[in-house]
Amino acid sequence: MQAQKKGRLFVFSGPSGVGKGTLNAKLFEEFGEQIAFSVSATTRAPREGEIDGKHYFFISRQEFENRIANNDFLEHAEFAGNCYGTPKSYVTTLLEQGKNVLLEIEVQGAMQVKASMPECVSVFILPPSFEELERRLRGRGTETEEKVLARLETARRELAYAPQYAYQIVNGGDLDAAYQELRSVYLKETQQL
Ligand code: 5GP
């Protein structure tokens with residue numbers, strides 16, 4: 001019997017407001033049957049419209065710490081005062097089933113995945129400029145000024161990691177152009193090109 005071909009693990013990072021969620025959603029729209037999104041665990045409170053088990057598994061800090069102790073996470077990190085982690089067994093099961101798995105995670109976690117699974121495909125989504133990122137973040141209008149400033153500071157730190165990713169894609173306003181780049185990376189790395 002031929003062994004099931006394993007899926008590929010894609011790790012996406014990029015500062016908040018850069019459009020990585022939109023780009024990944026487009027990839028899912030086109031290649032949905034080949035792709036699975038990993039659902040992370042987090043200690044942050046759900047935002048309006050977020051569903052437990054779909055957007056995140058919302059858990060307490062105590063539960064999060066228990067899971068770290070059990071070695072349940074492929075990676076975990078603290079971001080803006082909250083903990084985030086990728087459930088290991090879920091990801092490995094999907095990869096074994098031949099699904100290409102997408103992780104949308106911040107940079108510290110991405111570096112841990114790169115170290116433990118060097119065969120992963122790492123992609124960093126960049127804004128065209130820092131000023132544009134600021135404009136986009138403010139445009140969302142969902143957060144207080146203090147939070148916007150904190151996110152901008154975090155973004156500045158995150159952007160410094162971009163060269164450590166295998167691919168860098170600039171989302172410079174033309175979403176379709178950025179998507180075409182992402183699509184080529186996906187097809188190449190899944191040997192469909
Ligand atoms: P948000 O709170 O806006 O949903 O996410 C904040 C940041 O945490 C984003 O950069 C998001 O990609 C990242 N993130 C979400 N899930 C995980 C995870 O499981 N691990 C890590 N390291 N980062 C995550």
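In listed order, ligands and their atoms are each counted from 1. Numbering of residues begins at 1 and proceeds along the displayed sequence.
Relative ring orientation between Phe37 and Phe28 is described as tilted, the plane-to-plane angle lying within the 30° to 60° band.
A donor-acceptor pair under 3.5 Å links the side-chain atoms of Ser13 to the main chain of Ile105, judged by distance alone.
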Given the rule in the side chain to side chain contact (heavy atoms under 4.5 Å, CB included) test, do Tyr90 and Leu74 qualify, once you have shown the distances and angles that lead to the verdict?
-> CA-CA 10 Å; Tyr90 183 64; Leu74 176 61; over 6 Å; no

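Contacts of Glu132 classified as salt bridge (charged side-chain N to carboxylate O under 4.0 Å, His left out), with partners at least two apart in sequence or in another chain: Arg135, Arg136. Applying the side chain to side chain donor-acceptor pair (under 3.5 Å) criterion to Glu134, with sequence neighbours excluded, gives Arg138.
Sorted by chain then number, the residues whose non-hydrogen atoms approach ligand 1 to under 4.0 Å are Lys20, Ser40, Arg44, Arg47, Tyr56, Glu75, Ala77, Phe79, Tyr84, Gly85, Thr86, Glu104, Ile105, Glu106, Gly109, Arg151.
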Sequence neighbours left out, cut at 3.5 Å: what donor-acceptor pairs do the side chains of residues 111-124 make with other protein atoms?
unit_1	atom_1	unit_2	atom_2	d
Gln112	OE1	His76	N	3.1
Gln112	NE2	His76	O	2.8
Lys114	NZ	Gln164	O	2.4
Ser116	OG	Gln112	O	3.2
Ser122	OG	Ala166	N	2.8

